[in-house]
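Reviewing the structure listed below.
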Amino acid sequence: MIIIGGGATGCGIARDLALRGIPHCLVEKGDFAAGATGACHGLLHSGGRYAVTDPVAARECYEENLILRRIGRKCVEQTGGLFVRLPGDSKRFREIFLRGCEDVGIPTEVISSTRAIDLVPNLNPEIEEAIIVPDCSIDPFRLCMLNIRTSELRGGIIYTRHKVTEIIKSHGRCTGVKTVDQATGEVREIHGNIIINATGAWAHMIATLAGCEVPLTLVKGSLVITNHRLTNMVINRLRHPSDGDIIVPNEAVCLAGTTALAIDDPDNLVTASPEVDTIINEAGRMIPHFNNTRIIRAFSGVRPLLKSKKADSHEISRGFQIINHENGLYSIVGGKLSTFRLMAEKMVDTVMDTFNLKRSCETAEIPLDGQEELSGYPLSKRLADMKNIVCECELVTRNYVESIIKQTGTRNVGDIQHRTRLGMGPCQGGFCTFRALGIMNDMSVISPEQSMEMLRGFLQRRYKGIRQALWGDQLREEQLVEYIYLGILSMEKRQ
Amino acid sequence: MSVTEYDVVIIGAGVAGLTAGALLSERGFNVALVTKGEPTACLSTGCIDVCSQNKNPLSGIRNLPREHPYNLIPEKMIKESLCLFQSDMNDAGLPYIGSSDENRSVLSALGTSKISCLIPSAMAAAPQENNNGSIHIITFKGLKDFYPGYIVSRRGSTKFSVYDAGVSTTMSLASRFEEKAFFEKFIAWLEKQTIHEEMIAFPAVLGMESATDIVNTISILTRKPVFEIPTIPPSMPGRRLFNALKKNFRQKGGVIYWAWPVAGTEKTGRVMEAVSTNSAGRPNSINAKAFILGTGSFVGGGLTATRATIEENVFDLPVHIPGPRETWFDNDYFSRNHGIGKAGIMTDAFMRPLDSPWKNIFVCGSILANAEVLKNGCGHGLALATAHAAAQSCSEYLSHEL
């Protein structure tokens with residue numbers, strides 16, 4: 001079985017196949033969680049958000065929420081969530097919301113504004129009331145890694161940074177893929193009986209390679225990241241789903257969003273400053289301090305939603321769909337991060353049926369492999385290593401960077417960033433990426449020429465992420481970084 | 001509240017503020033300088049960029065757009081400001097080479113050529129244009145802000161060796177180079193190295209203050225040109241420049257109030273009377289007859305951008321804002337042409353802020369509107385020239401000539 005796509009769905013399918021003992025190979029053109037998975041809130045939905053508009057998705061979310069909290073104790077933070085009602089927000093919606101949650105089975109508790117402010121002191125003191133729901137926060141990248149771990153432990157073959165350029169066909173059936181190693185240009189042929197297209201927003205492009213179609217509506221959602229953790233609970237606005245009504249705490253930061261705008265090209269995403277303003281203004285209504293807090297990044301992801309005629313994309317179903325292209329290729333589209341496991345289960349069930357294989361899914365019962373290592377690197381240890389810190393924002397040491405390079409053999413600085421959080425802090429890699437690439441060069445995994453080229457590419461990508469968050473301290477930081485690279489280091493665009 | 005009285009209060013301890021302060025002190029005025037903390041000069045390469053757009057910096061200045069603040073200053077004064085800087089730095093033990101006739105190259109830590117005008121003598125031996133001579137770099141084990149590989153990527157003939165100094169940060173290495181025992185041990189190691197390359201380069205960690213002497217010593221010993229390569233912050237050459245300017249200012253009689261951020265101002269009519277600061281646990285009011293604003297741009301803390309506007313932080317002077325927020329930054333990171341570079345304070349020819357009532361505030365340095373310091377390569381050079389102009393006007397004002 002060949003899986004294309006290393007987002008939550010693809011990684012979930014790999015784990016499911018591994019647990020059912022089916023040989024498989026996963027191919028991903030970038031790193032894990034590079035698409036919608038890595039560009040989302042990191043919210044493990046209670047389902048409350050969809051209880052009114054999409055009860056099916058809401059029920060799936062809640063069931064998966066319970067399962068993930070059980071199997072992924074170490075990668076799910078059980079923050080709990082609040083739906084807050086601000087002055088002027090419809091009371092009628094509150095009733096529909098509570099009824100919707102009850103129908104779906106999502107536990108709720110209505111609390112007074114005083115109690116809500118006890119729970120989240122930064123909340124707007126003018127809120128009318130709040131409803132507690134079992135929202136959680138989850139690290140999407142870590143989630144992918146843990147799913148992949150099971151696959152690797154059971155013989156799954158994983159190729160990241162391999163782009164699928166061709167689907168090999170024989171007598172009208174898809175029998176394999178041709179991939180290009182993005183680092184070396186090496187071409188590889190991988191053969192299999194079934195190909196699963198789990199490429200999210202790129203699903204149509206991949207299907208086209210096999211002469212098939214996947215009808216999708218691509219909806220851009222933008223998010224901002226704060227420099228601080230302003231709340232310990234997920235905060236939702238108690239109203240009809242709309243722009244900027246969710247704030248999720250994740251590690252040391254908060255993510256707020258989103259917006260919804262239909263787009264055509266998932267590879268060409270631009271976050272616009274009006275979107276950023278909308279998110280900050282709306283989030284600021286729930287947590288007033290949001291207006292003054294430092295935004296370190298503003299970025300966009302693409303929701304690969306099922307094609308729909310509905311004009312407001314907040315209304316399009318968050319449900320998922322499996323498409324059998326009847327030629328050995330299956331596409332799985334739609335859905336949410338929260339329901340990735342269920343999507344994987346259904347996908348694998350479908351394929352198993354085709355081959356009349358009986359082994360049932362175990363992904364909901366067995367805890368995710370390798371979670372123990374996550375507690376890995378406590379602050380006390382990091383401080384003891386202080387003299388070798390290469391990323392001051394996230395306290396990442398040189399030894400840690402070297403060990404990741406040795407472990408993964410990576411030639412891509414992004415891989416190091418995802419695995420260590422290097423460059424995720426306020427300077428957004430301004431200082432430490434120069435160092436990380438220097439270390440990779442010291443270790444001879446990349447050539448001096450590559451380190452220069454990668455530094456250049458990194459700066460351009462980094463800039464794209466912060467371009468729409470430039471005012472206040474983040475603008476100061478950006479000017480300093482620009483001064484360092486273009487002034488002190490006199491870097492030009494091209495050699 | 002304590003109240004102190006001066007002729008001039010300078011706000012900001014960068015190249016502009018310290019230079020204006022030294023000039024006014026020299027003319028016999030009673031000068032105090034208040035600063036929040038270390039200036040951005042400490043982060044710089046220490047080189048004086050005058051205008052890096054052209055081989056000849058003065059021609060480069062002549063080609064700048066009309067609104068550029070250099071155009072407020074006579075060429076003669078620009079030249080004088082550079083000469084005086086060189087002689088002051090020589091006296092302070094930090095000689096600078098170069099002249100306003102010609103720009104020079106400094107080898108950057110990425111192996112590119114950084115174009116600048118006046119260069120700390122410890123960087124003077126860096127290869128100039130078309131010199132592809134081979135370089136041997138000596139770097140230090142674990143030094144996290146310097147990677148010779150980047151230079152190798154540009155200059156293939158570059159070789160390097162690594163010395164284990166037992167410490168790994170720029171600052172700790174620089175302070176070790178001030179220790180005699182360490183330096184002797186290092187020299188003993190260096191003498192055993194076989195170096196075939198034509199030049200020897202070091203990351204700029206050769207002492208807190210003694211780089212000039214250390215470079216000379218090593219050069220004599222190895223019989224090769226030796227030079228320092230400026231590093232990313234913390235930058236020793238920037239710090240040396242700051243210390244030398246500070247020394248110069250104090251020697252001429254100036255007083256520095258360190259870590260005294262301005263919290264408020266007092267004014268009467270069109271005259272600014274005092275700045276108040278919250279420091280050492282109590283409010284202080286510092287009265288003066290005139291004020292010089294040299295607080296720098298955004299990084300320095302002179303300007304603050306909000307989502308809607310840009311503000312000047314000390315006197316709330318009107319700021320020239322280059323359009324709405326969407327236009328502040330170009331989409332291309334490497335363009336060096338971001339609209340935000342034009343933000344700042346517009347002044348008249350006497351360096352007094354336009355559209356503001358104050359007749360005793362004079363503005364200098366990178367807070368000036370349309371400076372576009374990075375694009376034009378004119379950071380410290382503009383600071384020196386405008387400091388001279390501001391000090392000149394301020395002195396005329398105090399002598400009732402303005």
Side-chain angles (χ1 to χ4, degrees), chain A residues 270 272-274 276-277 280 291 295 387-390 398 430-432 434-435 437-442 444 446-453 455-456 459-464 466-468 470-480 482-495, chain B residues 40 43-45 49 52 106 108-115 142 144-154 156 158 167-169 172 230-233 235 238 297-301 304-308 310 324-326 328-336 338 340-341 373-375 377 379:
Chain A
V270 181
S273 50
V276 173
D277 286 336
I280 293 173
N291 287 308
I295 304 296
K387 74 179 167 83
N388 287 317
I389 298 273
V390 288
R398 181 172 177 130
F431 284 79
C432 53
F434 168 75
R435 296 171 182 152
L437 286 166
I439 292 170
M440 288 167 88
N441 183 229
D442 281 356
S444 303
I446 52 172
S447 70
E449 291 74 17
Q450 283 172 322
S451 58
M452 271 303 276
E453 208 38 60
L455 185 59
R456 202 174 272 124
L459 286 170
Q460 196 71 267
R461 283 195 307 280
R462 165 187 181 278
Y463 180 61
K464 204 180 163 202
I466 53 179
R467 161 86 175 78
Q468 297 302 340
L470 292 177
W471 63 87
D473 281 339
Q474 199 62 7
L475 184 144
R476 280 183 86 189
E477 181 96 49
E478 176 49 27
Q479 293 237 298
L480 173 62
E482 190 186 333
Y483 177 70
I484 290 172
Y485 286 101
L486 304 189
I488 296 175
L489 298 173
S490 216
M491 193 167 185
E492 333 87 334
K493 195 170 183 178
R494 282 268 165 267
Q495 235 160 297
Chain B
T40 53
L43 310 174
S44 76
T45 58
D49 300 354
S52 305
V106 171
S108 85
L110 287 182
T112 52
S113 281
K114 181 185 155 48
I115 305 300
K144 66 177 171 182
D145 285 325
F146 185 78
Y147 298 89
Y150 288 117
I151 299 175
V152 177
S153 78
R154 296 301 185 101
T158 308
V167 288
S168 58
T169 64
S172 50
T231 59
I232 68 171
S235 157
S297 179
F298 297 98
V299 181
T304 297
T306 66
R307 275 200 281 151
I310 299 174
R325 196 174 93 222
E326 295 76 44
W328 292 354
F329 287 89
D330 194 90
N331 280 329
D332 177 9
Y333 184 72
F334 294 97
S335 79
R336 291 169 199 250
H338 303 300
I340 194 84
V373 167
L374 195 61
K375 177 181 172 187

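If you measure heavy-atom distances from A:L486 to chain B, the contacts under 4.5 Å come from both the backbone and the side chain. At a 4.5 Å heavy-atom cutoff, B:S335 makes no contact with chain A through either its backbone or its side chain. With a threshold of 4.5 angstrom between heavy atoms, B:P233 approaches chain A through its backbone and through its side chain. Heavy atoms closer than 4.5 Å to chain A are found in both the backbone and the side chain of B:L43.
Smallest separation of non-hydrogen atoms from B:F329 and A:L475: CE1-CD1, 3.7 Å. The shortest non-hydrogen separation linking A:R476 to B:G300 is NH2-C, 4.3 Å. B:N331 and A:Q460 make their closest contact through O-OE1, 4.0 Å (heavy atoms, listed as atom of the first residue, atom of the second, distance). For the residue pair A:I488 and B:T231, the shortest heavy atom distance occurs at CG2-O, 3.7 Å. In terms of heavy atoms, A:M491 sits closest to B:L110 at SD-CD1, 3.8 Å. Of all heavy-atom pairs spanning A:G438 and B:Y150, the tightest one is N-OH, 3.5 Å.
Under the rule for a side-chain hydrogen bond (donor to acceptor under 3.5 Å, both in side chains), B:S168 has no partner lying at least two apart in sequence or in another chain.
Ring planes of A:Y463 and B:H338: tilted class, angle from 30 to 60°.
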